[in-house]
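Chain letters run A, B, ... following the sequence lines, proteins first and then strands; every chain starts at 1.
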There are 4 protein chains.
Amino acid sequence: MTRESNRIPSMVKNRKLVEERRAQIIRGAQELFMRKGFHKTTTREIARECGLSIGTMYEYIQTKEDVLYLVCDHIHSELEARLKEALSETETGRESLMKAMAQHFRVMGELSDWVLLIYQETKSLPKEARKAILEREKEITALFQEILERGIRDHTLHLDPTSVPLMAHNIMVMGQMWTFRRWALAEHYTLEEFTRRQTAWLLQECTP
Amino acid sequence: MTRESNRIPSMVKNRKLVEERRAQIIRGAQELFMRKGFHKTTTREIARECGLSIGTMYEYIQTKEDVLYLVCDHIHSELEARLKEALSETETGRESLMKAMAQHFRVMGELSDWVLLIYQETKSLPKEARKAILEREKEITALFQEILERGIRDHTLHLDPTSVPLMAHNIMVMGQMWTFRRWALAEHYTLEEFTRRQTAWLLQECTP
Amino acid sequence: MTRESNRIPSMVKNRKLVEERRAQIIRGAQELFMRKGFHKTTTREIARECGLSIGTMYEYIQTKEDVLYLVCDHIHSELEARLKEALSETETGRESLMKAMAQHFRVMGELSDWVLLIYQETKSLPKEARKAILEREKEITALFQEILERGIRDHTLHLDPTSVPLMAHNIMVMGQMWTFRRWALAEHYTLEEFTRRQTAWLLQECTP
Amino acid sequence: MTRESNRIPSMVKNRKLVEERRAQIIRGAQELFMRKGFHKTTTREIARECGLSIGTMYEYIQTKEDVLYLVCDHIHSELEARLKEALSETETGRESLMKAMAQHFRVMGELSDWVLLIYQETKSLPKEARKAILEREKEITALFQEILERGIRDHTLHLDPTSVPLMAHNIMVMGQMWTFRRWALAEHYTLEEFTRRQTAWLLQECTP
DNA sequence: TATGAATGAGAATTCATTCAT
DNA sequence: AATGAATGAATTCTCATTCAT
């Protein structure tokens, strides 16, 4: 599930066991990183929280940064999975877009603490890992690009093809917006209102 | 200039000197925080970079977090000042909006490393300081709200008044977008194209 | 042995090891505190003296004050143990008192550097610990109260019962006297003479 | 008044001014040392408390230890002066002794916080200064020796002359006792009861 | 595989003292 | 005489990582 998990070497050979223990580690660390941030969480705390000894934990990772990577990767997997739930090839592009945006905002709202985590702690990752995380981000963005393109093909969305990447990114950013600026937005709008208005705005741009 | 600077107590009484030395500290720390991040920068490095002994530096701050606050506050001041340069009361709201958005995106592009800094390190600030930083963010957003409202009043912008806060935040987020996702956007658009398209999109929403 | 030792949390689980390492720490610190005082002794010196790395030492204590507490507690244990050696239930109260006083003065003389340590550094302890140390002091005083009361019961000591606490404290203070004012007393008296005179003085008060 | 004050060199030549400023310093420092102890009090705090700038303060002392010495010396002066108030050459030795003991206990009770200070912080003084402080202690003890000797000479006190120093020290220690062990003694006795019992005990020894 | 004691470089902060003004 | 900004050595404590059992 945590797709990139195999990028991180482990001392332990048994694949199944590695998978299982890392799930434990992710569960414990996620909670802690969210509450205290990456830097203020110690490896000891992570070990304790996930029920392993430090020695054992280090059999499954190499550095503390690995844990952060594991967590970020897992969150991305979750985001992507939840988004894909709402996708269907049988609908028109326009319908798909509306559903996808609604789901995207809903998920970003529900997992907002996790999303925050990704955007705030990614910079603590070593270059390679940071790149891999950006790649995931790109992939999710690509999902929206595909929907937009499908809409163009089936003539339910009228949009200059050169605007497709921009609009996909705009959608992504709208999602983040709900997690980063909720402190201000929630004073004025509910998630449903927010979704309705933003979707309407975007769709209008895609209407002849 | 660094408006909130007087929130942080100093051992040194001479106001002028405090102002001056803190400017030194900000200059040195900004550079380092940008390059290495807050946590990986040591107080000794900051002191060395800004040409003070640690002892002396600590006469002007109380904790390392104070330096971060000083830096964030300074960046916000810069952003706000640069944005205000482009504002003028004599134009129509629509004209103002176009200029302000262009300037905003330009500034966010130029200072993108600094902007990144604010959004990534703010969480390391103590609660009080974090709140003060959010306040600054609100104030800049308010500038766009005022422009939008002026446009509504002078009938050059047609927008449901309840959408004003949302659109102001959308503009803010578009600015951040250019700093956070430039790695992806710059593959497709120049800053000018980005500005043109986003402005057009937003203005269309404000056209009957 | 260092009875209160378990009040101080340790990172290390193995009870036996904790006992052992703390004994090491006490041994090293006692010597240093005696020579240089608590404040002028650094944690690194303590670690070096007791053959542990600082990191390791800090696995067994939480703060430098903990070391002081451990040392004070250990000294009290020693004092109490040595005093109890001389006690016997089978003798008359009067005989007991004489033996106990002699032993007390002897021990206070032998361990005078340690005793000095307790009385001079206790104030550097956090409140809770200071209270625990006073408690030990009370317990030793109580030993003398019991002897006096036994003497009253078996009619070998004639003393107003309301004077029992006062006399017990007087004995304690006589013991400290030999450590605190030896610089002056030793010019005139040997420990034996001191013991004889003070015992005689006190016993006379307890003779009809 | 602070007799030994001239042992400590000052940058300032004007004797009167030195006297005056040092009195200021003593007043401020005494309070702080009592509350926080010598080590936890900073020179800056002392300067602030006594209304001088640090620079100025250092014109009148050489090191922080000097301040401690000044304070201890001043306390001793106070103790001695208060004790001497109660002395009179015209009474019998016995009467003198009773009055002196009562006054001694009273003063030690009243100034107990200061007395504590002397006994707990003296060890922080450099050797020379520590010796000077012990000298003061000796002098006060000598006052009691003189009274005892006068009593022997005028036949109102019957005491083996070789016991004179011991008894003088016993009196001194009884005084300290009331400051050091008040936490326990005050549960059983008032200062008056304490004085009466201790005086009676001592006088009995001096009665044929 | 699992454990957890050991390590020590490294970090933030303090504070007595000086000295140019 | 008075001031107070500057200094930097010194101090306590932390924590990611290793490795012998």
Regarding the side chain of Lys64(A), the nearest nucleotide among dA16(F), dT18(E), dT3(E) is dA16(F)
Work out which heavy atom in Pro9(C) is nearest to a heavy atom in Arg22(C); give both atom names and the distance.
-> O-NH2, 3.4 Å
Among Thr63(B), Thr43(B), Leu52(B), whose side-chain contact (heavy atoms from CB on, under 4.5 Å) with Tyr58(B) holds?
-> Thr43(B)
Do the rings of His74(B) and Trp114(B) sit parallel, tilted or perpendicular, given the 30° and 60° boundaries?
-> tilted
Atom CD1 of Ile25(B) to atom C1' of dT13(E): distance rounded to whole Å?
-> 14 Å
Report the residue (Lys40(C) or Gly51(D)) whose heavy-atom-nearest nucleotide on DNA chain F is the more 5′ of the two.
-> Gly51(D)
Minimum side-chain heavy-atom gap Tyr69(B)-Ile133(B) below 4.5 Å = yes
Contact class for Leu17(C) (heavy atom, under 4.0 Å): base, sugar-phosphate, or nothing?
-> sugar-phosphate
Mind checking Met11(B) for me? I need base, sugar-phosphate or nothing, with any heavy atom below 4.0 Å counting as a touch.
-> sugar-phosphate
Looking across every strand, which nucleic acid part, if any, lies under 4.0 Å from Thr41(D) by heavy atom: base, sugar-phosphate, or nothing?
-> sugar-phosphate
Answer with yes or no whether Arg44(B) presents, from its side chain, a donor or acceptor under 3.5 Å of a partner atom in the base of dT13(E).
-> yes
Within the structure, does a side-chain N or O atom of Thr43(A) lie under 4.0 Å from either OP1 or OP2 of dC15(F)?
-> no
Check for a donor-acceptor pair, side chain of Glu45(A) on one end and backbone N or O of Thr42(A) on the other, with a separation under 3.5 Å.
-> yes
Using atom types as modelled and distance alone, determine if a side-chain donor or acceptor of Lys123(D) lies under 3.5 Å from a backbone N or O of Leu116(C).
-> no
By nearest-heavy-atom nucleotide on DNA chain F, the more 5' of Arg21(B) and Glu59(A) is Arg21(B)
Expected output: side-chain Lys40(D) to main-chain Ser124(C) donor-acceptor under 3.5 Å | no
Spacing between Arg15(B) atom CZ and dG4(F) atom C1', to the nearest angstrom = 17 Å
With respect to the side chain of Lys13(A), which nucleotide from dT3(E), dT1(E), dT17(E) is positioned closest?
-> dT1(E)
Taking Watson-Crick and G-U wobble pairs with both distances under 3.5 Å, convert DNA chain E into its dot-bracket string, 5' to 3', dots for unpaired and | for cross-strand pairs.
-> .||||||||||||||||||||
Does Tyr60(D) place a side-chain N or O at less than 4.0 Å from the phosphate oxygens OP1/OP2 of dA2(F)?
-> yes
side-chain N/O Thr56(B) vs dA6(F) OP1/OP2, d < 4.0 Å | no
To the nearest Å, give me how far apart CD1 (Ile46(A)) and C1' (dT14(F)) are.
-> 15 Å
